[in-house]
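These numbers come from a predicted model, not from an experiment. The basis for the numbers below is simple: all heavy atoms, side chains too, and nothing from hydrogens, waters or symmetry mates.
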Amino acid sequence: MPSRRRFLTAAAAVPVAATAVTACEEGDKALPPPDGKHASAVPAVQSGSDRLNFVVILADDLGYGELGSYGQKLIRTPRLDALAAEGLRFTDAYAAAPVCAPSRCSVLTGLHAGHATVRENPWGPGGQGALTDRDFTFAEALRSLGYRTGVFGKWGFGPEQPDQPSHPNSRGFEEFYGYIGHRHAHDYFPEYLWHNGNRQEIPANRGDAREVYAPDLLKERALAFLDAHRAEPFLLYLTPTLPHAPSQTPDDGEYGDRPWPGPDRRHAAQITTFDSLVGDVVDRLTRLGVAGRTLVLITSDNGPHEEGRTNPELFDANGPLRGYKRNLYEGGIRVPLIAWSPRHIPAGTTDRPTPLTDLLPTLADLAGAPAPTDVDGLSLAPLLRGSGHTARHNSLYFYRNHSGVTPRSDAADRGRGRRLAEALRRGDLKAVRFAPGQDRGVPDDEWDVELYDLSRDPGEEHDLASARPAQADVLVKLMRDSWSPTYARKPFGLTLEVTGQAPEFTLTATLANGSARPWTAPRLTLGAPGGWDIHALDPLTAPLLRAGDELTVRWRITPAQVTSDTTLACRATARHAGEEVSYLARTMLG
C-alpha cells in the first residue's frame with residue numbers, strides 16, 4: 001500500500017537517529033536520515049524575515065454574541081474588542097458544522113462537511129474521527145515553504161497515540177502540545193498532556209488534585225514557540241478548550257460577586273480568560289517586534305453550549321440568532337471572526353458570507369504556497385488586503401449527524417435534535433432540512449424542509465418554504481449535490497509506494513502538482529542507509545510540472561539488511577511562483 005505522508009514535520013525535539021544516508025543524486029546533502037520518526041522537513045526560507053506570519057486562535061464553543069464587539073453586555077472581552085476595532089470584523093462567518101470535530105476538520109483542510117474526512121463528533125454513529133494521509137492541512141501548505149509550525153491545545157482527532165496519520169506531527173505541525181483525542185480535551189486539570197509523540201504526566205493534577213490549569217500551560221508553550229521562531233516565518237495554531245464545558249477555572253475572577261449561579265460565573269471567567277490569552281499573544285508579538293508582519297485570526301468552532309448547567313440565555317450568547325451548539329440554525333454555526341494585522345488589514349466590518357473552510361486557501365495565498373484546487377474554501381487574501389474583488393461562494397453547505405441533544409438545542413430544532421440535518425445558504429436565502437431519522441438516503445419528500453430570508457429574518461423565525469417552494473427546491477438540490485459519501489481527492493504533493501520482496505524492492509515516488517500554477521525544476525531524491533544498492537529507473541528531474549501533472553520516479557533497491565522498522569525517505573523539490581517548495585515522505589520497507 002502506498003504511503004501518502006507528503007512531508008512529515010515533527011518538531012526538532014524529536015531526536016533523529018544517527019543512521020547514515022546515501023543520496024541517490026550526488027551532491028544532495030540535505031536529506032534527513034530515514035529513522036522512521038518525524039524530522040524537520042525543510043529548513044526555514046532565507047527570506048523568512050520578509051514573510052507574513054500567521055496566528056490562528058480557535059475558541060471552543062464561543063457563541064456569536066459572547067464578545068463585546070458582537071453585542072455582549074455582561075462578559076468583559078476588552079482585548080478582543082480592541083482587535084475587532086483595529087482590524088476586520090466578520091458579521092457572517094460560519095463554522096462548517098455545529099459540533100467540534102467536523103468543524104475543526106474543515107478548518108484545517110478547507111473541505112466542508114459534505115466532503116471532509118471527519119463529519120461527526122466521536123459519540124456519533126462514526127465514533128472517534130481521524131484524519132488520514134489524504135488530508136492536506138494549512139500547516140502542510142505553509143511547511144512546504146519552510147514555515148515553522150506549531151499547534152497548542154485541542155487537536156480533537158484520534159487515535160491517542162504517536163506516529164500515525166491523524167497525529168498533528170503527521171499533518172504539517174512541527175510541534176504539538178496538548179490533547180490528541182476529543183474527550184480528553186474536556187478536562188481542564190488533566191493528569192497528562194502530549195508533547196509531540198510523548199505523553200507528559202502532570203503529577204500536580206493526579207487524583208482529585210487541581211493545581212495546574214491546562215490553558216495556562218498551553219499559553220506558556222505558545223509564547224515559547226513565538227520566542228523561538230521570531231526570526232523565521234511561523235504559523236501558530238492555538239486551540240484552547242475555552243469556554244467549552246465543564247465551566248472550570250481556578251477561580252471566578254472578576255465575576256465572583258455576580259448574583260449568578262456558579263457555572264455562569266465560571267463560564268464568564270472562561271471567556272475573559274480567553275480574552276486575556278489572546279491579549280498575551282498579541283503583546284508577545286509586539287514585544288518581539290513581529291506584530292507588524294503577522295496576521296492574527298480569532299474565531300470559534302461552533303455556537304454556544306449549555307452543558308454543565310451553563311445558561312446561554314443569561315448572556316444572550318447567540319445574539320440575535322436562533323439556536324445553539326448542535327443546531328444548523330444560525331446560532332449554531334455563525335461564529336465570530338476577527339482578522340488583525342496592523343500594517344496589512346484595514347479596519348472595518350464585512351458581511352461577506354465566510355466559511356472557515358476559507359482559511360487554508362487564504363493562508364496559502366498570502367504566504368505564496370501551493371495549495372490543492374479541490375478544496376471548498378476560497379481565498380480571502382483580496383479582502384484582507386482591502387480589495388472589494390474577493391470571490392464569493394455560490395453556496396455554503398452544512399451537515400449534522402449527532403445523536404446527542406441538550407434541552408435548548410432540541411427545543412430550537414422543535415424536537416428534531418437527534419435527526420440527521422443539513423443546511424445551505426445561497427445569497428440571503430437559507431434552507432434547513434431534517435431527515436426522519438439518521439439516514440441521509442431517504443427520499444426528499446420524507447424530509448422536513450424550511451426556508452428563511454436572512455436579510456429580513458436573521459433569527460429564522462418565518463419559514464417561507466410553503467410560500468416559495470421552487471426556491472426551496474433549488475437549495476435542496478444544491479444540498480444533494482454538495483454531499484459525497486467519499487470525496488475523491490486530486491493528487492497533491494509527494495506519495496510513495498513499495499512493491500516487491502527481499503532481496504529486491506521497487507519504490508515508486510510520485511510528485512503531483514494539484515495546485516493551480518505550474519511548478520518548474522521538479523526534482524526527486526531518495527535517502528537510504530549506507531551500503532544499499534539503489535538504482536534510479538527514471539529521470540529524477542523534469543523541466544516543468546503543469547497544474548494537474550505528475551512526476552514519477554522508480555528506484556530498484558537491494559538493501560543490505562531489512563528490519564521491521566527500516567524506513568526510506570524521499571524528498572521532492574520544485575519552484576512555485578519563484579519560490580522553492582519542498583516535500584518529504586517516508587515509507588516502511590518490508
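- A tilted orientation is assigned to the rings of Trp483 and Tyr399, their planes being inclined by 30° to 60°.
- Under the 3.5 Å distance criterion, the side-chain polar atoms of Ser166 are left unmatched by any main-chain donor or acceptor of Ala130.
- Ion pairing of Lys477 with Asp481 is present here, as a side-chain N (NZ or NE/NH1/NH2) and a carboxylate O approach within less than 4.0 Å.
- One finds the CG atom of Leu111 at 8.5 Å from the CG atom of Leu360 (value rounded to the nearest 0.5 Å).
- In this structure, Leu380 and Thr354 have side chains that are in contact, with non-hydrogen atoms separated by less than 4.5 Å.
- Between Thr91 and Tyr64, some side-chain heavy-atom pair lies under the 4.5 Å cut-off.
- Classification of the Trp155-Phe157 ring pair by plane angle, with boundaries at 30° and 60°, yields perpendicular.
- Atom CZ of Arg517 is surrounded by 12 or fewer heavy atoms from other residues, nucleotides or ligands within 6.0 Å.
- Taking OG of Ser395 as the reference point, atom NZ of Lys430 lies at 13.0 Å (rounded to 0.5 Å).
- The two residues Leu145 and Glu580 come nearest to each other via the heavy atoms CD2-O, 3.7 Å.
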Before you tell me yes or no, could you show the steps for Leu366 and Phe54 under side-chain contact (heavy atoms from CB on, under 4.5 Å), namely the whole-Å CA-CA distance, both residues' side-chain angles and the distance that decides it to 0.1 Å? CA-CA 10 Å; Leu366 291 171; Phe54 302 101; 3.8 Å; yes
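- Here the straight-line distance linking atom CD1 of Ile557 with atom CG of Leu568 works out to 4.5 Å at 0.5 Å rounding.
- Taking OG1 of Thr573 as the reference point, atom CZ of Arg523 lies at 6.5 Å (rounded to 0.5 Å).
- In terms of modelled atom types and a separation under 3.5 Å, the side chain of Arg171 and the main chain of Pro165 share a donor-acceptor contact.
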Any chance you could lay out the side-chain contact (heavy atoms from CB on, under 4.5 Å) test for Thr294 and Leu236, step after step, and finish with the verdict? CA-CA 10 Å; Thr294 301; Leu236 168 63; over 6 Å; no
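- Closest approach of Pro240 to Leu218, counting heavy atoms only: CA-CD1, 4.1 Å.
- Not a single donor-acceptor pair under 3.5 Å links the side chain of Ser103 to the backbone N or O of Val99.
- Counting only distance, with no hydrogens or angles, the side chain of Asp538 and the backbone of Arg554 share a donor-acceptor pair below 3.5 Å.
- Side-chain contact between Leu363 and Tyr147 is absent, with no heavy atoms from C-beta onward closer than 4.5 Å.
- More than 12 heavy atoms of other residues, nucleotides or ligands shown are found within 6.0 angstrom of CZ on Arg352.
- Side-chain contact of His195 with Glu175: a donor-acceptor pair under 3.5 Å is present, judged by distance alone.
- A cation-pi arrangement is present between Arg221 and Tyr177, with the terminal nitrogen or guanidinium carbon under 6.0 Å from the aromatic centre and inside a 45° cone about the axis.
- Cation-pi geometry between Arg89 and Tyr70 is met: under 6.0 angstrom from the ring centre, within 45 degrees of the axis.
- Ring orientation note: the planes of Phe173 and Tyr237 are close to parallel, at an angle under 30° on the 30°/60° scale.
- Ring centroid separation for the pair His115 and Tyr397 does not come in under the 6.0 Å cut-off.
- Between Pro98 and Phe398, every side-chain heavy-atom pair lies at or beyond the 4.5 Å cut-off.
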Show your working on side-chain contact (heavy atoms from CB on, under 4.5 Å) between Gln164 and Ser170 and close with a plain yes or no. CA-CA 7 Å; Gln164 41 88 12; Ser170 299; 6.0 Å; no
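- With contacts defined as side-chain heavy-atom distances shorter than 4.5 Å, the pair Arg287/Leu223 does not qualify.
- Contact detail for Leu88 and Ile345: the closest heavy-atom pair is CB-CG2, 3.8 Å.
- Within a 6.0 Å radius of CZ in Arg440, other residues, nucleotides and ligands contribute more than 12 heavy atoms.
- Under the 4.0 Å criterion applied to side-chain N and carboxylate O atoms, Asp60 and Arg104 are assigned as salt-bridge partners.
- Put simply, the side chain of Asn121 gets close to the backbone of Ala101: a donor and an acceptor are under 3.5 Å apart.
- Asn302 places no side-chain N or O within donor-acceptor distance of the main-chain N or O of Gly332, the cut-off being under 3.5 Å.
- Within the 3.5 Å criterion, the main-chain N or O of Leu429 finds no donor-acceptor partner in the side chain of Arg426.
- Taking OG of Ser379 as the reference point, atom CG of Leu359 lies at 10.5 Å (rounded to 0.5 Å).
- The shortest distance between side-chain heavy atoms of Arg293 and Arg51 does not fall below 4.5 Å.
- Counting only heavy atoms from C-beta outward, the side chains of Leu551 and Thr510 never approach each other to under 4.5 Å.
- Checked by atom type and distance alone, the side chain of Thr390 pairs as donor or acceptor with a backbone atom of Leu383 at under 3.5 Å.
- Summarising the geometry of Ser144 relative to Tyr583, their closest heavy-atom pair is CB-CE2, 3.6 Å, with the distance given to 0.1 Å.
- For the residue pair Ile338 and Ser69, the shortest heavy atom distance occurs at CD1-OG, 4.3 Å.
- His344 contributes a side-chain N or O that, together with a main-chain N or O of Gly292, makes up a donor-acceptor pair within less than 3.5 Å.
- Using a 4.5 Å heavy-atom threshold, the side chains of Trp519 and Leu511 count as touching.
- Side-chain atoms of Asp365 never come within 3.5 Å of backbone atoms of Ala381 as a donor-acceptor pair (strictly under, hydrogens ignored).
- Counting all heavy atoms, side chain and backbone alike, Ser455 lies closest to Asp428 at CB-OD2, 3.5 Å.
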Could you walk me through whether Val335 and Asp301 pass side-chain contact (heavy atoms from CB on, under 4.5 Å), step by step? CA-CA 7 Å; Val335 293; Asp301 61 353; over 6 Å; no
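- For the atom pair CZ of Phe225 and CG of Leu238, the computed distance is 11.0 Å after rounding to the nearest 0.5 Å.
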